[in-house]
Asks: 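Sharing a structure, written as structure tokens. Questions coming.
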Amino acid sequence: MAQAALPGFRDFYPEQFAERAHVMGIWRDVARRFAFVEYDGPPLEPLDLYTKKSGDEIVGQLYNFTDKGGREVALRPEMTPTLARMAAARANALRKPVRWFSVPQLFRYERQQRGRLREHFQLNVDILGEADVTADAELLAVAIEIMRACGLSSSDVRARVSDRRLLRAMLAALGVSDEQTPAVFGVIDKLDRQPRDVSREKLAALGMTPDSIDGLLALMGDVTLDEIERQFGGSPEVQTLLADFRRYFGCLEGLDVLDWVTIDLKIVRGLAYYTGIVFELFDAKGELRAICGGGRYDNLLQSLGGVDMPALGFGMGDVVLAELLRDRGLLPERSEGPQVWIATESPSTSHAVRRAATALRRNGVSVEYALRDQQLMKQVKAAKAANASFVLTLHDPADDNVTTRHSWNPAPPPEWDRLLADADL
RNA sequence: GUGGCUGUAGCUCAAUCGGUUAGAGCACCGGUCUGUGGCACCGGGGGUUGCGGGUUCAAUUCCCGUCAGUCACCCCA
């Protein structure tokens with residue numbers, strides 16, 4: 001067998017490329033409708049851009065090597081550090097809020113599974129310089145409008161949102177100390193993936209009392225803000241955060257995406273740098289990995305770029321989204337064919353075929369024709385096989401039975417006939 | 001990185017208990033059809049059965065290793 005692509009890397013044949021272009025086209029279209037502008041950075045970065053904040057253990061998941069100049073480098077595994085560097089370099093000059101998006105190809109050295117490769121394209125949408133929840137709502141609306149633009153509905157995809165600050169304040173009210181909070185977040189993150197008894201034991205081991213564990217777990221299913229308020233209304237901090245959260249939902253209602261959204265305090269996101277509202281998008285059947293995840297990371301630019309600026313963003317990979325759309329029949333079946341296929345009755349008109357093709361092509365029409373002499377039926381079949389929209393047949397002028405020089409099937413836009421009339425066939 | 005399952009043509013799958021030259025459909029190429037849209041018929045190319053080793057008179061079939069895919073962990077973009 002011929003040499004295959006490396007594990008976790010993909011060849012994009014035209015059919016797959018059409019799918020990729022379809023998804024990326026929607027990403028860019030929706031991002032622009034929300035007035036985000038596109039940027040990009042280098043796919044190869046200094047290794048310490050990623051190890052500085054995440055620690056050396058992340059190196060195991062990076063494509064890293066020493067370049068010929070002796071520099072430790074890595075293929076980018078995520079876009080946020082690059083964004084932080086770029087934004088920090090021009091922090092004072094940028095008009096706030098910054099609304100940027102990018103579609104980088106990202107790399108991670110991990111054993112692959114369905115929906116998880118060693119390379120993928122990921123839409124990154126970020127807002128910098130706005131601390132209010134109005135920005136959080138705007139961000140989530142972008143992600144949801146992309147789902148809508150893909151042809152999905154709120155019964156296909158659910159957005160689950162949480163607020164890390166709120167959860168932290170609730171834990172504090174339950175007597176969990178600041179030092180324990182990250183570990184408790186870790187248990188909450190795994191709540192759906194491990195038995196409740198195991199979670200209880202782990203929480204107990206972290207020093208939580210049975211009563212506070214019960215109180216916490218009771219809120220980890222479907223909850224409303226009112227229930228949270230009933231239980232934690234005594235905490236002024238929770239009150240303040242709940243008010244923000246309510247305004248957030250008010251914004252989502254105004255953006256007409258509220259019916260996609262569910263509160264789920266189990267969503268804490270693995271990454272430690274999230275500080276506020278976080279969210280994930282899942283297929284409603286729960287068959288696939290998360291489609292999208294993001295949230296607020298107000299301290300990250302400070303630690304990575306040295307500029308104190310509130311920030312939030314999400315990443316949406318192409319792999320899981322394409323899987324979902326393929327399952328739902330929402331991807332283009334085949335790559336687009338030429339608009340026009342020009343067939344000819346006899347080799348005597350082959351010169352006219354090229355003239356006609358050129359006249360149409362110079363006016364923006366995509367045109368293909370047979371590169372070798374073939375019978376007309378063969379050409380028509382080739383046109384069909386190529387998925388051409390129109391067949392233009394040039395007739396043999398020596399044939400007394402024909403009255404026109406050419407014919408169309410089906411009828412073309414009138415201007416195409418004018419182009420042919422002006423052309424010197 | 002750990003463990004389970006699976007590898008036959010580009011795709012979907014056959015091949016009796018281990019037994020002749022590994023077959024079929026789709027796809028692709030050529031031909032017939034004097035013709036204007038996926039028809040029909042004829043023909044063709046395409047396989048070191050993932051790769052390597054072992055057992056055997058004989059391996060697609062049994063065993064081991066390896067590579068790849070996949071699932072669960074791990075981790076999460």
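Since the structure is predicted, the reported quantities are computational estimates derived from the model, not experimental observations. Below, all heavy atoms of this structure are taken into account, side chains as well, without hydrogens, waters or symmetry copies. Below, read A as the first sequence line, B as the second, and so on, with proteins coming before strands; counting in each chain starts at 1.
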Asks: Without decimals, in angstroms, what is the distance between A/Gln16 CD and B/rG10 P?
Replies: 15 Å
Asks: Starting at CZ of A/Arg111 and ending at C1' of B/rC71, how long is that distance when rounded to a whole Å?
Replies: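 Between C1' of B/rC71 and CZ of A/Arg111: 10 Å.
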Asks: Roughly how far apart, to the nearest Å, are B/rC33 and B/rC26 at atom P?
Replies: 23 Å
Asks: Ignoring the backbone of A/Asn409, work out which of B/rU36, B/rC33, B/rA77 is nearest its side chain.
Replies: B/rU36
Asks: Tell me whether the OP1 or OP2 atom of B/rC74 has a side-chain N or O from A/Gln61 closer than 4.0 Å.
Replies: no
Asks: Tell me which nucleotide among B/rC33, B/rG37, B/rG31 gets nearest to the side chain of A/Met377.
Replies: B/rC33
Asks: On RNA chain B, compare the nucleotides closest to A/Gly315 and A/Pro7; which residue's is nearer the 5' end?
Replies: A/Pro7
Asks: Answer yes or no: side-chain N or O of A/Arg116 and base N or O of B/rU70 forming a donor-acceptor pair under 3.5 Å.
Replies: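 Answer no: no donor N or O sits under 3.5 Å from an acceptor.
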Asks: Is the count of non-hydrogen atoms from other residues, nucleotides or ligands lying under 6.0 Å from A/Lys96 atom NZ greater than 12?
Replies: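 Above 12, so yes.
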Asks: Categorize A/Leu123 for me: base, sugar-phosphate, or nothing, with a 4.0 angstrom heavy-atom threshold over every strand shown.
Replies: nothing
Asks: Would you please indicate yes or no on a ring centroid separation below 6.0 angstrom for A/Phe121 and A/Trp27?
Replies: no
Asks: If I pick the P atom on B/rU6 and the same atom on B/rG10, what distance separates them, to the nearest angstrom?
Replies: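 To the nearest whole Å, 23 Å.
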Asks: Considering only atom P, compute the distance from B/rG43 to B/rC5 and round it to an integer number of Å.
Replies: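 Between the two P atoms, the distance is 45 Å.
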Asks: What's the gap between B/rA22 and B/rG46 when it is taken at their C1' atoms, as a whole Å value?
Replies: 14 Å
Asks: Let me know the distance between CG of A/Leu371 and P of B/rC29, rounded to the nearest Å.
Replies: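 Atom-to-atom, A/Leu371 to B/rC29, this comes out as 13 Å.
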Asks: At 4.0 Å (heavy atoms only), tell me whether A/Ala290 reaches a base, stays on the sugar-phosphate, or touches nothing.
Replies: nothing
Asks: Using a 4.0 Å heavy-atom cut-off, does A/Arg372 contact any base of the nucleic acid, only the sugar-phosphate backbone, or nothing at all?
Replies: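 Sugar-phosphate, backbone atoms only, no base.
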Asks: Just checking A/Gly8: base, sugar-phosphate only, or nothing, at a heavy-atom cut-off of under 4.0 Å?
Replies: sugar-phosphate
Asks: Is it true that A/Glu138 and A/Arg99 make a salt bridge, defined as a side-chain N closer than 4.0 Å to a carboxylate O?
Replies: yes
Asks: Ignoring hydrogens and geometry, is there a side-chain-to-backbone donor-acceptor pair from A/Arg405 to A/Leu394 under 3.5 Å?
Replies: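 Not a single qualifying donor-acceptor pair exists.
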Asks: Among B/rA77, B/rC74, B/rG1, which nucleotide sits nearest the side chain of A/Lys190?
Replies: B/rC74
Asks: For A/Tyr369, is there any backbone N or O sitting under 3.5 Å from a side-chain donor or acceptor partner on A/Gln379?
Replies: no
Asks: With a 3.5 Å distance limit and no angle check, can you tell me whether A/Arg76 reaches the backbone of A/Gln105 through a side-chain donor-acceptor pair?
Replies: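 Yes, because the side chain of A/Arg76 sits within donor-acceptor range (under 3.5 Å) of the backbone of A/Gln105.
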Asks: Rounded to whole angstroms, how far apart are NZ on A/Lys381 and P on B/rC39?
Replies: 6 Å
Asks: Whole angstrom is fine here: how far is it from CZ in A/Phe282 over to C1' in B/rC76?
Replies: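 In whole Å, B/rC76 C1' lies 11 Å from A/Phe282 CZ.
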Asks: At 4.0 Å (heavy atoms only), tell me whether A/Leu376 reaches a base, stays on the sugar-phosphate, or touches nothing.
Replies: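 Base, at least one base atom sits under 4.0 Å.
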Asks: May I ask which nucleotide in the shown strands pairs with B/rG44, Watson-Crick or G-U wobble, both distances under 3.5 Å?
Replies: B/rC28
Asks: In whole Å, I'd like the distance from the CG atom of A/Leu62 to the C1' atom of B/rC75.
Replies: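 About 13 Å, once rounded to whole Å.
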Asks: Does any nucleotide pair with B/rC62 by Watson-Crick or G-U wobble geometry, both distances under 3.5 Å, and what is it?
Replies: B/rG54
Asks: Output the single nucleotide from B/rG35, B/rC75, B/rG37 whose closest atom is nearest the side chain of A/Pro410.
Replies: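 It is B/rG37.
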Asks: When the P atoms of B/rC13 and B/rG50 are considered, how many whole Å apart are they?
Replies: 15 Å
Asks: Which of the following nucleotides, B/rG37, B/rC33, B/rC76, is nearest to the side chain of A/Arg108?
Replies: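 When the side chain of A/Arg108 is considered, B/rC76 is the closest of B/rG37, B/rC33, B/rC76.
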